[in-house]
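A quick note: this is a predicted structure, and the numbers were derived from the prediction, not measured.
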Amino acid sequence: MSSDEHMDRNLALEAVRVTEAAALAASQFMGRGDDIAAEQAAIAAMRRTLNSLAIAGSVLIGEGSEDDAVSLPSGAAVGGGEGPAIDVAVDPLEGATVTALGGPNAISVLAMASKGGLMPVPDIYMEKIAVGPDLPAGIVSLDAPPADNLRALARVKGADIADLTVGMLDRPRHAGLVAAVREAGARVMLMQDGDVSGVVATAEPLSGVDIFMGVGGAPEGILAAAALRCVDGQMQARLAPRSNEELELAQSVGIADVDRIFTLDDMASGEVMFAATGVTTGSLLRGVRRFSDGAVTYSLVMRSQTGTVRRIEAHHRLQSQQGEIPEPAYHI
């Protein structure tokens, strides 16, 4: 095994330490009605743990701005400064509101790629369609009507359209899409939050999500693309700016043609790693289980180089008085 490969394998498992730390921190605020506190705790824990890694990392997609006291902004340097040059995309707490309310589907997410491997995007909306692996290339298209995509997917899966479930965010903007999917005969799984987990769920046979459609955040689209890239899923995306200001934001990161459809390889290329840890239980992962002196976390780790997907159950002894989280005992 080369030193580079050894480093890569170690880094994949180090990545899950980052999402575990953020999920554990956020879980302290589950159901307590304070989404800001939950998010700030996740950001602080993620940044602290990222800075312990032996990487020369740069945050391509972050959370917060440089003016925030607690933030992990785009452009921030992370890691110890030694080791591989890595682009990092994060969502320390996807689903701050549902965490505060005790709802489902909140996760902590991290993607890492070799320099230049993740596409920079502005913090605006993005239209998406995604399916999992082991399907013919181009089986779905962002430009095709929902009924056509569902017919094509049902055909290659050897199923009826009525057997398919479409995941999408529960938002008023999706009223027409929901109606079109139901008219075609498929089922709809509406998610209060969880743009990343909804896309990634298409790659999990037991998630109950066959295809993801709809409009969500562009940064979340890149994180989801990183995960699907690791397992050879399929995804198409297109920016959905709502104003001239958002058009200018797209141009500021080098996207001149906002009507362009981006493929998975456009959004995530080269060597990619993805890690996610559940904060509250959802379609993709179980949430953190806390006890008087410890907690259990459930995580997913993917590597594009090998196509490896690991599900990790980690048992943590929490030492809140010292403010430290010891190395957990893992079950893979």
Side-chain angles (χ1 to χ4, degrees), residues 94-95 97-99 101-107 109 125-217 220-221 223-225 227-228 231-238 240 261 264 276 278-287 298 300 302 309 311:
E94 183 190 45
T97 300
V98 296
T99 299
L101 297 175
N105 235 33
I107 61 174
V109 190
Y125 281 153
M126 172 183 273
E127 185 182 2
K128 309 163 193 177
I129 188 168
V131 291
D134 303 321
L135 296 170
I139 191 63
V140 295
S141 169
L142 206 55
D143 280 339
D148 290 355
N149 284 320
L150 291 168
R151 276 192 291 269
L153 186 60
R155 184 175 65 253
V156 299
K157 286 195 166 193
D160 294 329
I161 291 180
D163 296 325
L164 300 180
T165 298
V166 181
M168 69 181 75
L169 292 176
D170 186 6
R171 300 291 188 270
R173 62 179 177 266
H174 289 149
L177 180 58
V178 169
V181 168
R182 288 173 175 165
E183 184 177 352
R187 298 171 291 186
V188 176
M189 181 185 293
L190 292 173
M191 303 171 179
Q192 184 179 352
D193 219 328
D195 205 0
V196 177
S197 60
V199 172
V200 179
T202 64
E204 290 290 306
L206 299 180
S207 71
V209 179
D210 297 288
I211 181 172
F212 187 90
M213 298 180 182
V215 175
E220 289 81 1
L223 282 159
L228 289 187
V231 295
D232 292 328
Q234 295 183 45
M235 181 175 174
Q236 292 183 359
R238 176 169 48 207
I261 292 179
L264 200 59
V279 179
T280 63
T281 298
S283 58
L284 183 64
L285 287 163
R286 294 175 66 183
Y298 302 90
L300 188 66
M302 304 177 178
V309 178
R311 283 189 170 270

Arg238 NZ/CZ over Tyr125 ring centroid, <6.0 Å and within 45° of normal: no
Contact summary for Leu169 and Val215, nearest pair of heavy atoms: CD1-O, 4.1 Å
Polar side-chain atom of Asp163 near backbone of Asp160 as donor-acceptor pair, under 3.5 Å: yes
Side-chain touch Asp195/Lys128, heavy atoms, less than 4.5 angstrom: yes
Pairwise side-chain contact, Thr165 with Val188, heavy-atom cut-off 4.5 Å (strictly under): no
Arg171 side chain vs Gly216 backbone, donor-acceptor pair below 3.5 Å: no
Working for side-chain contact (heavy atoms from CB on, under 4.5 Å), residues Val231 and Met302: CA-CA 8 Å; Val231 295; Met302 304 177 178; 4.0 Å; yes
Distance in Å, Leu206 CG paired with Ser283 OG, rounded so as to fall on 0.5 Å steps: 12.0 Å
Sidechain-backbone polar pair: Gln234 side chain, Gly138 backbone, donor-acceptor under 3.5 Å: yes
Side-chain donor/acceptor of Ser207 to backbone N/O of Leu284, under 3.5 Å: no
Contact summary for Leu164 and Leu150, nearest pair of heavy atoms: CD1-O, 3.5 Å
Any side-chain heavy-atom pair of Val98 and Asn105 under 4.5 Å: no
Donor-acceptor contact present, side-chain His174 to main-chain Met168, <3.5 Å: no
Test side chain to side chain contact (heavy atoms under 4.5 Å, CB included) applied to Glu94 and Leu223, Val279, Val196, the passing residue: Val196
Derivation of the side-chain contact (heavy atoms from CB on, under 4.5 Å) call for Met191 and Phe212: CA-CA 11 Å; Met191 303 171 179; Phe212 187 90; 4.3 Å; yes
Note: Arg311-Glu204 ion pair, threshold 4.0 Å (strictly below): yes
Chi angles and distances behind the side-chain contact (heavy atoms from CB on, under 4.5 Å) call for Asp210, Thr202: CA-CA 5 Å; Asp210 297 288; Thr202 64; over 6 Å; no
